[in-house]
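Heads up: the structure comes next, in structure tokens.
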There are 2 protein chains.
Amino acid sequence: MDDHAKGIRKGTGVSNANDIKADLIAVVVAVNDHEPRVLTIGRANALPSGPFELGHRSLQSGLRSWVEEQTGQPLGYIEQLYTFADRDRVGTGQRVISISYLALTREEEATQSDRRRWERWYDYFPWEDHRSGTPSILSKVLRPRLLKWADSAGDNETRRERRQRSAVAFGFDDGTWNEELTLQRYELLYEAAMVGEATGGQSSAARSVAGESMIADHRRILATGIARLRSKIKYRPVVFELMPPVFSLLQLQRTVEALAGRLLHKPNFRRLIEQQELVEQTGETTADTGGRPAKLYRFRHAVLDERAVAGTKLPLTRA
Amino acid sequence: MDDHAKGIRKGTGVSNANDIKADLIAVVVAVNDHEPRVLTIGRANALPSGPFELGHRSLQSGLRSWVEEQTGQPLGYIEQLYTFADRDRVGTGQRVISISYLALTREEEATQSDRRRWERWYDYFPWEDHRSGTPSILSKVLRPRLLKWADSAGDNETRRERRQRSAVAFGFDDGTWNEELTLQRYELLYEAAMVGEATGGQSSAARSVAGESMIADHRRILATGIARLRSKIKYRPVVFELMPPVFSLLQLQRTVEALAGRLLHKPNFRRLIEQQELVEQTGETTADTGGRPAKLYRFRHAVLDERAVAGTKLPLTRA
DNA sequence: GCGTCTTATATTCAGGTCGAGTATAACCGG
DNA sequence: CCGGTTATACTCGACCTGAATATAAGACGC
């Protein structure tokens, strides 16, 4: 298609001291068995990633080829997350820019293999899953240790500010849990040296209380992806990227709940989905659910053309 | 503060064929005299930009120093827009990554100088300003030419799809104008070769109908910044970054209207601002407005701590 | 100094959205 | 055929939001 890329001759680039490298990093998400999962390579607790190269037609296609090479997983929906520059790595004097992406893929394609592992989100972030009530780790471990950290500050103003930030991010004072603050919460725990990455990984105590660690800043990138996805499902119909072609409304609800980490009000969820005309009936039903057979639906791809913004605004409620 | 940065020795970096350059590009916005403006360098119709260098502590600080060096303008609020990779530029065989940012600054600091110019948004995007009704250019020029472009497609499906996209982005069919679709609209006009950048700048006719051009893809980046800002003022209190320390509620409303490119319902705007407790009275009034003196307000910086998400959801209405 | 103009500020009303609860329908397994 | 289980339908009230109207306070001309 594009003869431009072929014309690149390796090594003709003029390099100088300001040249840098760019890494592409992917947060690939699927929902399996009511559990949101992230794609990792091997047992290294690392996200798939690789350098942006001359042969790549674009950043996105570079990302796709790295993920496919490392894990065999083809990617569908992709969106950019964030670009940041690391401090120079281990004294090479060269900077590395990391460009991170969020990718969504379907359950059926998300099979295990020796090259890839699908790890549960909430193994890395145990405090983020509120589907069976507020996790006890919040009040029993995180809250006291965050308070201790706040009070260990030198001046009064810092103490007040740390308590304030913790209370807002974790909903300590008013009991209000905002599922979109995943990144802020992780950053607080990092600052307070309560996650493995911040303590150099030597503290197994920290690791057990504050979830599984990942290499480098990959867990922070995962937190960014989770936060973005939790926010986006409320105003764009991206959930359907994670669904099989045909599904029941309860399956859809369970998927949204898995991502948001909280339960939803069933009648309101149905009302919202139906009145937005995001789905249409297939005419078939399934009896797999135990009770009355559920009607099956499929996503109306047409809405992507019809409307610029098709919200899925999920009702943010308890059950 | 940070001894890490000092440790970088120039020239020790190992360069190879996959090394690249990274450009930092800034969309700096201020609102002056009820007109949203963007900072450009000289009369070149170019956004301030420069390469990310080893000496830069971070991407953001690199951006700040480039903008300040090129325009003398110090930056306050900054947020990342998007990162993209150009096709290789003029056969050097080297790729360039562009990292774009949106910056907001205050009116008083936005004075002209010989190095910088504050250009009006709507000189580049005349069809985006709906404050005095729907611009006639929409129905008189853009709509017929977009339809012609749609019908010039080879197959039926492409024609249908082009008409559909145009209608949604510009609100042709239902008259619904969505001010957040600035980028989609620009991209459509680009595809239809109705903007100067797409025709190599030789067509002065295209230039006069579809706004002032900019170099390279800077106008597209500006469109991205406008879209982001128009979206963000609805759920984050970023408008105040553009306001003087003390202001009346009507001044605030006029600023929001300038950004959104549409008029708002006055009583509802006041109600929303007040009930969200975003501002507090200074106790003073101003008689500069001609009628009854207006109370003056200031932004309550405390809300940034108190709440994680402080919405400014502006009522999207006509006057 | 008084009426009029202009803008600021306050109040009211109706339709829609949203959280929450309750009722009915359909299939299964014994 | 009856209780258990899940699906689907309907209802209610609080609150949000678009829209219009009413009142207050200064400026200005005569």
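Proteins come first, then strands; the chains are lettered A, B, ... in the order of their sequence lines, and each starts at number 1.
For the side chain to side chain donor-acceptor pair (under 3.5 Å) test, no residue two or more places apart in sequence or in another chain qualifies with E284(B). Residues forming a side chain to side chain donor-acceptor pair (under 3.5 Å) with E79(A) (at least two apart in sequence, or on another chain): Y77(A), R228(A), K232(A). For F172(A), the ring-ring contact (aromatic ring centres under 6.0 Å, His included) partners two or more places apart in sequence, or in a different chain, are F170(A). Applying the side chain to side chain donor-acceptor pair (under 3.5 Å) test to T286(A) and every residue at least two apart in sequence or in another chain returns D288(A).
Note on ring orientation: taking the six-membered ring where Trp is involved, the planes of H130(A) and W177(A) are parallel (angle under 30°, cut-offs 30° and 60°).
In this structure, R271(B) places its CZ atom 14 Å from P of dC13(C), rounding to the nearest Å. Computed from coordinates, the N268(A) CG to dT22(C) C1' distance equals 13 Å when rounded to whole Å. Atoms CD (E284(A)) and C1' (dA7(D)) sit 17 Å apart, rounded to a whole Å. Taking atom CZ of F269(B) as the reference point, atom P of dT17(D) lies 14 Å away to the nearest angstrom. At whole-Å resolution of the value, CG in L264(A) and P in dC18(C) are 14 Å apart. In this entry the distance linking CG of L296(B) with C1' of dT9(C) reads 14 Å, nearest Å. Counting to the nearest Å, the P atom of dT8(D) and the CG atom of L272(A) are 17 Å from each other. Atom CD of Q276(B) is separated from atom C1' of dC16(D) by 12 Å (rounded to the nearest Å).
Nearest to the side chain of L250(B), among dT9(C), dC12(D), dA8(C), sits dA8(C). Of all nucleotides listed (dA10(C), dT8(D), dA8(C)), dA10(C) comes nearest to the side chain of E274(B). Considering only side-chain atoms of K266(A), the nucleotide from dG19(C), dT6(D), dT12(C) that sits closest is dT6(D). Candidate nucleotides dT11(C), dA9(D), dC12(D) were compared by shortest atom distance to the side chain of R270(A), and dA9(D) ranks first. Comparing dC13(C), dT9(C), dA20(D) against the side chain of H265(B) picks out dA20(D) as the nearest.
Between P267(B) and Q275(B), the residue anchored closer to the 5' end of DNA chain D is Q275(B), taking for each the nucleotide with the nearest heavy atom.
Contact check, K295(B) against dA8(C): no side-chain N or O comes under 4.0 Å of OP1 or OP2.
For residues 120-131 of chain B, the salt bridge (charged side-chain N to carboxylate O under 4.0 Å, His left out) pairs, not counting sequence neighbours, are E35(B)-R131(B), R120(B)-D123(B), E128(B)-R185(B), E128(B)-R230(B), D129(B)-R131(B).
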Starting at the 5' end of nucleotides 23-30 of chain D, put B wherever the base has a protein heavy atom under 4.0 Å, S where only the sugar-phosphate does, and a dash everywhere else. -BBSS---
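Put simply, the side chain of R300(B) gets close to the backbone of E277(B): a donor and an acceptor are under 3.5 Å apart.
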